Structure formats: C-alpha cells, structure tokens
Amino acid sequence: MAQKPSIPKGTRDFSPVEMAKRNYIFDTIKSVFLKYGYQPIETPAMENLSTLMGKYGEEGDKLLFKILNSGDYLAKADESLLAQKNSVKTTTQISEKGLRYDLTVPFARFVVQHQNEITFPFKRYQIQPVWRADRPQKGRYREFFQCDVDVVGSNSLFNEVELIQIVDDVYKALNINVLVKMNNRKILTGIAEIIGEADKIIDITVAIDKLDKIGLDKVNEELAAKGLNTEAIDKLQPIINLGGTNAEKIETLKTVLASSEVGLKGVEEIEKVLNYIEGVGVKTEVELDLTLARGLNYYTGAIFEVKALDMEIGSITGGGRYDDLTGIFGLKDVSGVGISFGADRIYDVMNQLDLYPKDSIVSTRLLFINFGEQEALYSLNALQEIREAGINAELFPDAAKMKKQMNYANKKEIAFVALVGENEMKEGKITLKNMNSGEQNLLTVKELIEAVR
RNA sequence: GUGAUUGUAGCUCAGUUGGUUAGAGCGCUGGUUUGUGGUUCCAGAGGUCGCCGGUUCGAAACCGGUCUUUCACCCCA
C-alpha cells in the first residue's frame, strides 16, 4: 500500500450504515411519489452532448462533464484548432457524450423520443445521480442524487398543488421542518415590463434573488451596474421590498402590475394555487417570495424552492413549470411542471439534526455462532425456517473464537445471538441470547422465532 | 473560473525558534479465558509526515509547484 487510492474530488463513498440512512430517505420519497400515481423511469448516465449543451446557459455548459470519444479521438480533430488551444471548439470534435447535469432535460428528451408510447398527462418520477463539474463546498457535490417528480402534458394548476402536497408529505415523513417559497416567472416578466426593461429580465431576477444575501443597497448597485436607469430602479423598490401576508402581497401586485397582462396572469395563477393548497390542508408554510428567481432559463410559470428551517444549507428542493422544454427537442405545446428533491442535501440535514427513526436502520436480527462443522449444519437447517419467517439471520462462516464471533455481533448491532453446541443438538433446541440484556434461554426453533420477532 | 484554507498511524489529533530512533487516545491483532460480547489486565503490529522539486551540514517544520480537504464568490440540489 505504497500509494493510497482515492476518489475524485466532490464524490463520496457510502458505508453500509450510511447506505441504510440514504435508503431510508430514498424509500420515503419513493413511497410518497408512488402514492400520488407517479411511475419510475431511468435514463442513461450519459447523454449525447447535443442533448445537454445550451440547456443550462453558458455557465451550465462549462459545468458539464464531457466524455472523450473512444479510440484515437485526436486523429479526427482539426489541427488548427488544436494549435490554437481552442478548448471550446476542440471539445465538440473530441467529445460527443456527456454525463447528465440534471434529470429534467433527459426527461424532456425521453418524452419527445417516446411520445407515441406515452399516455398524457404523463406522471413520472426518477431517482438517479447527476454530475456537475462544480467546485465542491458546503452542501455541494460533483456527484449527487436528484429525486425528480414531473407531470407533462397538462396545464392544470392542480399539478402545482399536487407537487406542494408531495413536498408537504415527504418532509412530514422525514421529520424535517421546511418552508416552501413560491414565485411565478410571469410576475417577474410583468415587473420587467412595467419598468420598461423587458429584455433585462434575467439580470433583474438574478439581482433581486440575492436580496436576503447581500442587502437592498447592493442589489440596487448591481441593477445599476447591469444598465438599469434610476427611474426603473425606483419603480422596482416597492416590489423588492414587498412585505406582509401572501394575500397582502397579491393585492399590492395586482395594482402595481395592472398594466401588464402577463404579470396579472402570474398573480392570478399564484393566487389560485395558494387558495387551493389552503383547501387541501397542506401543513407546511408556503410563502410568496418575489426574490425567488431560479436561474434556470426554462421556467415559465410557477417556481418553487424549499428551505430547511433548522439548518443553514442551500435549497433542498427546487422546481417549477416549463411550458416549452420539449420544444427544443421538436415537440411543441407540451407543458410540464416538476420538482427535484436534492437527496444529498436532505441526507446532510438528516445527519446533522439526527432525524433518523431508530428502526430505520435494519441489519441482521440474529446471528448463529459457529462451533464447528456439525453445529453449523444444524444451524443452517434452523436458519432456513427462521428466514422463511421473515427474520434477517446469518451464520458466522468460520468456527472462530467466541470472542471474535460475539464481537462481530456487537459491531453489527445484532440484537440476538443463537448458540448451538453439543447439548443443544442433543435436545433439538437452540440457546438464544439477548445481546442487550444478556438473558439466555433454551428454545425450540418455533419459540425462538416468536422471541426474536 | 476567482480568492482563501487544510493535509502527520485505520480514525481524532500532539509534535517547541529547523537538530538523533516521529508520539498519544481510540481502533486493530494476539494472550489473560478450550461455550459468552459490549466493562479488566498484558503484549504487539501499523507512518518514505499528501506528492514532486528547492534551500540547508541537517526539513514533518522554511520556499515553489501539484493534488486533496474545507469555505466564500459565480452558479446551483
């Protein structure tokens, strides 16, 4: 072991204990998805680069992991581009595949490709890893799992409502306190319109998204830097500073956005969604937050973000409605809305707050101590019956020292140990030891099953 | 991509202004105990001090580079 092996930066190994925790999270999320009628799909880890490029903005293209072509990939590359060290253009010649950056774009590709097999509205969930060549930091990894639920082929706002119900259910089940922030891209468009800067919508949203981080003055500075005149910035102030309850915010917006058709449409949508969720008994607080402006270029309606209340970490769930995502792959007029649960951040939150229920980590329930070949064979027979009764049980494979075998049971937190030696074999019974209390009893297999269950 | 930060045994960490054979706790292995663990006692193994280069009589320590860790910016789950 001269050189220690390692894994790429921003990636992690997961031990059996860690996997038990992660599976608890995945299983919880999955069961909620299923409950609402979503069905699983999977897509390949790699996609054609043409599918991925240009979907996440310029920054996104840089953060894509690209896969070198097989074989002598440099042979076909343009020599002058190589000589110029033109990375961007050379990349397209030596790489035509990349690792997926999220699950939404591959899903859009999937829908377009399989449009004739799909019955709309199509409700799918997808739990798979994604990769980003980002620089790792708190709550940020280069490989992480997303748990996406999307419904495509339906414009109904009941889908938005359903997604919020799902968020409510998932975090209730995981016992994480969260706040749902909601906004609507149409409102943001309306705002840009009324201040006469419709083309600067992206700059404006990016700037006001930073409000709680850098403060009002810095936001205004940034807006000015992006070329907004003082008049426009002044007009923005009541919107940036909008306060009060959701209902109050909506009333203000209705007057401010009175001259913007799109803006009013956005307000109407959000008002409806908020009213509906009140009616269906969602417990999680949902807040209208105009500073929420997910960077992704493809959202057109609702925008969601979920923050953990008891821990400082980026958003743990995000999503929204995209009216034309499949359009870029040639299928027009299919609206979709979806959200993505960030499993790795949820995992970090669960760990820090220690929110795992005690019985969520299931291991072996019963270990048979191995005293030798005859005893092991006898144990194996008993084990068959015990396993059929649905009890996780194992036999220590070697006739090792008691101490080693008992230690093994301890380390694996196995609750019961079965001892089978000459005496037990003679009587056709098994000695069962409770590892917590130390109590021992001589039992038949049937009695043992009842005691261990 | 920009700016900081970290790296010593399996793990958590000591290691003086550069000076002999680099330490501790926990863990691990063996024994104390030939059918009883988590709580005794004893012994042992394990490190080219992240890697490469430089300064020096001498480097874990100083300098440069590189990788890695953590954090902020950008962006995002």
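Below, read A as the first sequence line, B as the second, and so on, with proteins coming before strands; counting in each chain starts at 1. When reading the values below, keep in mind they use all heavy atoms of this one structure, side chains included, and skip hydrogens, waters and symmetry mates. Since we're looking at a predicted model, the values are computed, not measured.
- Rounded to an integer number of Å, the gap from A:Lys210 NZ to B:C73 P is 10 Å.
- In this structure, A:Asn436 reaches the bases: a heavy-atom distance under 4.0 Å links it to at least one base atom across the strands shown.
- Residue A:Lys62 is out of contact with every strand shown, counting any heavy-atom pair closer than 4.0 Å.
- To the nearest angstrom, P of B:U36 lies 18 Å from CG of A:Asn434.
- Both the sub-6.0 Å distance and the 45° axial angle are satisfied by A:Arg132 relative to the ring of A:Tyr101.
- A:Lys9 comes within 4.0 angstrom of sugar-phosphate atoms only, judged by non-hydrogen atoms across all strands, and of no base.
- Nucleic acid contact class of A:Gly421 (heavy atoms, under 4.0 Å, all strands): base.
- In this structure, A:Arg109 forms no cation-pi arrangement with A:Phe329, as its terminal cationic atom is not both closer than 6.0 Å to the ring centre and no more than 45° off the ring axis.
- Protein atom CG of A:Asp61 is 15 Å distant from nucleotide atom C1' of B:G1, rounded to whole Å.
- Here A:Lys401 reaches the OP1 or OP2 of B:G31: one of its side-chain N or O atoms lies under 4.0 Å away.
- A:Gln137 has no side-chain polar atom (N or O) that falls below the 4.0 Å cut-off from OP1 or OP2 of B:C71.
- Note on A:Phe145: nothing from the nucleic acid sits closer than 4.0 angstrom, heavy atoms only.
- In the displayed structure, A:Gln237 atom CD is contacted under 6.0 Å by more than 12 heavy atoms of other residues, nucleotides or ligands.
- If you check every strand for non-hydrogen atoms under 4.0 Å, A:Gln146 touches sugar and phosphate atoms only.
- Within the 4.0 angstrom heavy-atom criterion, only backbone atoms of the sugar-phosphate kind lie near A:Gly10; the bases stay farther away.
- The residue A:Gln405 sits apart from the nucleic acid: no heavy atom pair falls under 4.0 Å.
- When rounded to the nearest whole Å, the span between CZ of A:Arg142 and P of B:A77 equals 17 Å.
- Separating the P atom of B:G18 from that of B:C11 is a span of 29 Å, rounded to the nearest Å.
- Using a 4.0 Å heavy-atom distance criterion, A:Glu413 is classed as making no nucleic acid contact.
- Residue A:Leu419 is classed as a base contact, given a heavy-atom separation below 4.0 Å to a base.
- Seen from the ring of A:Phe144, A:Arg345 does not count as a face-on cation partner, given the 6.0 Å and 45° thresholds.
- Which of B:A77, B:G35, B:U36 sits closest to the side chain of A:Glu424 comes down to B:G35.
- Residue-level contact check: A:Glu375 touches neither bases nor backbone, having no heavy atom under 4.0 Å from any strand.
- Counting non-hydrogen atoms under 4.0 angstrom, A:Gly57 reaches nothing in the nucleic acid.
- For the pair A:Arg365 and A:Phe416, the cation does not sit on the ring face, since its NZ or CZ is not both under 6.0 Å from the ring centre and inside 45° of the axis.
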